[in-house]
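Taking it in order: structure first as C-alpha cells, then the write-up.
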Amino acid sequence: MKRINLTILLVVVLVSSLFAAKHDPYEGSRIYWDINSKTTLFPSGNYARIIQLQGGRLMAVAEAGGGISVSYSENDGTSWSSPELIMRSASLVPYAVPDVIQLKDGTIVVGFNPRPSAPYSDDRKFGIRVTRSTDNGKTWSSPIFVYDAQSTFSDGCWEPCFLELPSGELQCYFANENNFQSSNEQEISMSRSFDGGLTWNAPVRICYRTGTRDGMPVPILTENDEIVVIIEDNGHPGRNSFRATTVRSPLSENWSQWVDGGSSRREMIFADDAEKAFISAAPYLRKLGKKETIASWQGDRGDRQGKGESFFDMFVAVGDIDGRSFRAVSQPFGLNMTQHGLWNSVSALDDGTVFALSSIGDSTHGNAINVMKGYAKKGFSADFGTPVIDASFSGENWTVKNAQQIFMGSAATRNRASMDFLYDNENLYFYARVVDRTIYTDKADDDGITLGLDLDNCCDTYPQKGMFRIFMDANGSLKFYEGNSNKWNGVTVPENIRFEVNTKSSYYDMEIAIPWSVLGCDAAPVDRLMRCYLEIRDRRDGMVVNETIPDAVLRQSWTWPEFKLNPMEGSAVKDISANRSETSVTIKNGNVSVKSSRCIASVSMYDLSGMKTRFLGADNFECTLDVTGLKGVYILDTLYIDGISERTKIMI
C-alpha cells in the first residue's frame, strides 16, 4: 500500500509540475531606447525636466546657465532650441532644481529652489519660488514666494514639484528640514494654490518617518483618482541608503492624513529580496498612457554596486496604472564605469515616446544634461510585404520607416541595433542593422542576433512545441532550434530558409526569410497571437555580452513581448482580439472624422516620411482633425484609452 501511495504521489507531482510550467504572460510595456537620439540638451547643469505643452511643443527646463534655463522642440524632440535663461540666480543665492507644469488654462509655472551659498546669513534663506508665463513662454513673471526655511544648509528646503488637480487646485510638493532644526530629519511638505500659482497657502505635512529623511517628491494623479508621490526613503528596515518609495492618498481625501513610516500607504517600489542591495535615489515618476506609469532613479545595480554616487547611472522601470509592480528595468544611457548619470527624470508623450534626461559627467568633467528618446511598446507586429533578401532595407516597405520598429543596444552592448518584420503568404521576414565598431566573424562566439518565436503563444517557463530559436551569425551562418519537452533541440537548418549578411567596417545588416512551413504553419497565421524574443550578442575585450529585451528570458516565452501579423488591408498595428473596436474614418469638407465604439485617447496623423502633421487629444468616442491644405497619402494613428492603437492609411 505504501508503494502504491508513493507512486500516486509521484504522478501527482509530475502532473502538477507540467501544469505549473504555464504562466500568465507579461503584458506590460517595455522601453526600447534609441542611442542615436542621444543629444546634449544643456552643455552644463543638473535636474532637467521635459513636458509637452498644449499644441504639441516640448519644453525642457533645467538648473543651467547661471540660473533656470529652458529649451524648446518643435519636432517631437528631434532637435532643440538654444538654452534661454528665464530666471537668473540672485547674488550669493543660486537657483536650483526646477520643475515645470502647464495648467489647464495654458499658464506655464516653473518652480525653483533658492539655495544660499556659504557663509550663511539670516537675510538669505533656502526657499521655494515660482515664475509664471501666460504667453506660452515668451515672458516670465518675477519670482513668486511659496515658502522659506532657514538660512543654513542643515535646515533648508528642497526640490519643488507640481500637480494640478481636476478642481484647479495647484499643489507644490517639496522636501523640508525646517521643522527639524535640532535633528537631521526631513519630511515632505506641500503648499496649495487656488489662483494658478499667484499665491500659496502655508504647507501641510505629506509624509514623515521618525528619525530619517524623506526626500525628492514627484507626484502624479492616477487614472484611479489616487495621488501618488514617489520619494526617496532611507528608513526601510534592512536596507541601506535610499530606496524609491511611494506614498499615496485618495483624491477624495487629498492628504487629510499624512503618511508615517509604518503606514500601508508607504511602499518601496522594489521590495523583493533580490533588490536589497540596490540603491534607488533621486526618483522621478510620470504616467505612461492611461494604463501604466514609468519611474526613473539613480542607482548602483550590477557592476556599479557599492561604488558610491560618483558611479551611479540612470535606471528606468515601467509600473502599472497605480504606480506599483514596477518591472522591465532598463538603462537608457548605459554609461561606462568612468561616467555617472545623476539627477534624472523621465517624460512620456501621448504617442508612447519616452524621454530620459540625465546629468552625465565624470571625475574630470562637469555634468552636461543629455536627453535620449525611447519608445514604449507592449509588442511587435509585421505588415504584409515581400522584401528582396539582400541584407538591405532600401526601397522596401517595412512595417516602420527604415526598418526601425525595434531599437536595442543602449545598455549592455552599447551597439545600436534596429530591427523590423514583414510577412507574406509564404514567409516571415526579419531585418536588422547593428552598428558595431569591432565585428567578430571568426566562428568563435561571433557577433549576431537570436530571434525567438512562440507561434502557439505557449507562455511556458521552458521550451515547448511551437517555440523556435534562431541564431543569426554575423559571418552568415545560422543555428536553428526547436522547443520540445522543456528543452531547446538543435536541428539541421532547413534548406528553404534564406539568409543574407552584409558586413561593413562599422556595422552589419542581416535579413532572413523563414517559411511558415518551417514554423509549423500551413499559411501566415494572421488571426493568431504569438510571442517574440530578441537578443543581441557582442564580443568585446575577450568576453561575450548579451543584451535582451527588458525582463525577457530566452527559455520562458511568457516573458516575451506579443507578436502579431497585421492584415494586408491595414498599414500598421491593429487590434485583432475578440473585442476589436468598430472604428470608422470619414473625410469631408477639409476634416477627418474618427468614430469608435472604444473611447479614443488621441489621434495623430503622419505623412509617409514619418513626420507628424496633426495631433488631437480626445478622451471621447468621436474626434475631428482639420486637414485643410493637406493632400496625398497619410497614416492615421488612433490611440484608445486602454492602450491599444490602430493605424489606417487615408487619401486626402
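Along the sequence shown, residues are numbered consecutively beginning with 1.
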Ignoring hydrogens and angles, tell me if any N or O in the side chain of Asp420 forms a donor-acceptor pair with the backbone of Thr399 under 3.5 Å.
-> yes
If only atom types and distance count, is the side chain of Glu267 paired as donor or acceptor with the main-chain N or O of Thr246 below 3.5 Å?
-> no
Using distance alone, with no hydrogens and no angle criterion, decide if Asp351 and Thr353 have a side-chain donor and acceptor under 3.5 Å apart.
-> yes
Output yes when a side-chain donor or acceptor of Ser557 lies under 3.5 Å from a complementary backbone atom of Asp460, and no otherwise.
-> yes
Shortest non-hydrogen pair, Ile536 vs Met408, comes out as CG1-CE, 4.0 Å
Report yes if some heavy atom in the side chain of Phe468 is under 4.5 Å from a heavy atom in the side chain of Ile514; otherwise report no.
-> no
Taking it one step at a time, do Tyr423 and Phe384 satisfy ring pair (Phe, Tyr, Trp, His ring centres under 6.0 Å)?
-> CA-CA 5 Å; Tyr423 80 97; Phe384 188 90; 5.3 Å; yes
Side chain to side chain donor-acceptor pair (under 3.5 Å) filter on Ser193, not counting sequence neighbours, yields Asp195
Is there a donor-acceptor pair closer than 3.5 Å between any side-chain N or O of Ser249 and the backbone N or O of Trp255?
-> yes
Which class fits the ring pair Tyr533 and Trp560: parallel under 30°, tilted 30 to 60°, perpendicular over 60°?
-> tilted
Kindly determine whether Ile650 and Met605 satisfy side chain to side chain contact (heavy atoms under 4.5 Å, CB included), including the steps that lead there.
-> CA-CA 10 Å; Ile650 61 174; Met605 196 164 77; 3.7 Å; yes
For Asp522, look at atom CG and say whether over 12 heavy atoms of other residues, nucleotides or ligands are found less than 6.0 Å away.
-> no
Lys104, NZ atom: more than 12 neighbouring heavy atoms under 6.0 Å | yes
From Asn427 CG over to Ser517 OG, what is the distance, rounded to the nearest 0.5 angstrom?
-> 8.0 Å
Using atom types as modelled and distance alone, determine if a side-chain donor or acceptor of Ser347 lies under 3.5 Å from a backbone N or O of Ile50.
-> yes
Thr450 side-chain N/O to Leu534 backbone N/O, donor-acceptor pair under 3.5 Å | no
Are Pro550 and Val329 side-chain neighbours, meaning at least one heavy-atom pair lies under 4.5 Å?
-> no
Who passes salt bridge (Lys or Arg N to Asp or Glu O under 4.0 Å) against Glu169, sequence neighbours left out?
-> Arg192
Set of side chain to side chain donor-acceptor pair (under 3.5 Å) partners for Thr628, sequence neighbours left out | Asp626
So, do Ser141 and Thr131 sit near enough that their side-chain heavy atoms are less than 4.5 Å apart?
-> yes
Carefully, step by step, assess Lys564 and Leu529 under the rule side chain to side chain contact (heavy atoms under 4.5 Å, CB included).
-> CA-CA 6 Å; Lys564 297 184 288 188; Leu529 178 63; 3.8 Å; yes
Note, Pro166 side chain near Leu221 side chain (heavy atom, < 4.5 Å) = yes
Please answer whether the main-chain N or O of Tyr284 pairs with a side-chain N or O of Ser345 as donor and acceptor at a distance below 3.5 Å.
-> no
Which word best sums up how the rings of Phe315 and Trp297 line up, parallel for under 30°, tilted for 30 to 60°, or perpendicular for over 60°?
-> parallel
For Phe407 and Tyr32, work out which heavy atoms get closest and say how close.
-> O-CB, 3.3 Å
Decide side chain to side chain contact (heavy atoms under 4.5 Å, CB included) for Asn397 and Asp383; before the verdict, give the C-alpha distance in whole Å, the side-chain angles of both, and the deciding distance to 0.1 Å.
-> CA-CA 9 Å; Asn397 295 319; Asp383 271 1; over 6 Å; no
Go through the steps to decide whether Ser296 and Asn344 satisfy the test side-chain hydrogen bond (donor to acceptor under 3.5 Å, both in side chains), and finish with yes or no.
-> CA-CA 7 Å; Ser296 70; Asn344 316 294; 5.8 Å; no
Under a 4.5 Å cut-off applied to non-hydrogen side-chain atoms, are Thr386 and Glu426 in contact?
-> no
Around atom CG of Asn254, are there more than 12 heavy atoms of other residues, nucleotides or ligands at under 6.0 Å?
-> yes
Can you list the steps and then say if Asn591 with Ser593 is a side-chain hydrogen bond (donor to acceptor under 3.5 Å, both in side chains)?
-> CA-CA 6 Å; Asn591 293 310; Ser593 296; over 6 Å; no
4.5 Å side-chain heavy-atom contact, Ile549 and Phe380 = yes
Classify the ring geometry between Phe430 and Phe421 as parallel (under 30°), tilted (30 to 60°) or perpendicular (over 60°).
-> tilted
Sort out for me which residue in Thr559, Asn457, Asp456 forms a side chain to side chain donor-acceptor pair (under 3.5 Å) with Arg531.
-> Asn457
Scanning both residues in full, the closest heavy-atom pair of Arg528 with Cys521 reads NH1-SG, 3.7 Å
CG of Leu58 to OH of Tyr72, rounded to nearest 0.5 Å, is 11.5 Å
Got a sec, which residues hit side chain to side chain donor-acceptor pair (under 3.5 Å) with Ser330, two or more places apart in sequence or on another chain?
-> Trp33
Residues in side chain to side chain donor-acceptor pair (under 3.5 Å) with Ser79, at least two apart?
-> Asn75
Step-by-step side-chain hydrogen bond (donor to acceptor under 3.5 Å, both in side chains) determination, Thr222 to Asn224 | CA-CA 5 Å; Thr222 73; Asn224 290 327; 5.1 Å; no
Look at the side chain of Gln102 and the backbone N and O of Gln54, then say whether any donor-acceptor pair between them is shorter than 3.5 Å.
-> yes
Taking Gln171 for the side chain and Cys161 for the main chain, is one N or O donor matched with an acceptor at less than 3.5 Å?
-> no
Side chains of Thr638 and Ser596: does their closest heavy-atom pair fall under 4.5 Å?
-> no
Under a 4.5 Å cut-off applied to non-hydrogen side-chain atoms, are Val61 and Asp99 in contact?
-> no
Could you grab the distance from atom CD of Gln404 to atom CE of Met419, nearest 0.5 Å is fine?
-> 10.5 Å
Donor-acceptor under 3.5 Å (Lys373 side chain, Asp76 main chain) | yes
Taking all atoms of both residues into account, what is the closest heavy-atom pair of Leu357 and Ala48, and its distance?
-> CD2-CB, 3.6 Å
In this structure, OH of Tyr173 is separated from CE of Met190 (nearest 0.5 Å) by 4.5 Å
Across all chains, not counting sequence neighbours, the salt bridge (Lys or Arg N to Asp or Glu O under 4.0 Å) partners of Glu226 are Arg248
Measuring from Glu646:CD to Asp637:CG, what's the distance to the nearest 0.5 Å?
-> 9.5 Å
Taking all non-hydrogen atoms of both residues into account, name the closest pair between Val247 and Ile231 and its distance.
-> CG1-CD1, 4.2 Å
Could you walk me through whether Leu170 and Ile101 pass the side chain to side chain contact (heavy atoms under 4.5 Å, CB included) check?
-> CA-CA 10 Å; Leu170 178 61; Ile101 186 172; 4.2 Å; yes
Any idea how Phe270 and Phe326 line up, ring-wise: parallel (<30°), tilted (30 to 60°), or perpendicular (>60°)?
-> perpendicular
Provide the closest heavy-atom pair for Gly409 versus Ile35 in the form atom of the first, atom of the second, distance.
-> O-CD1, 3.8 Å
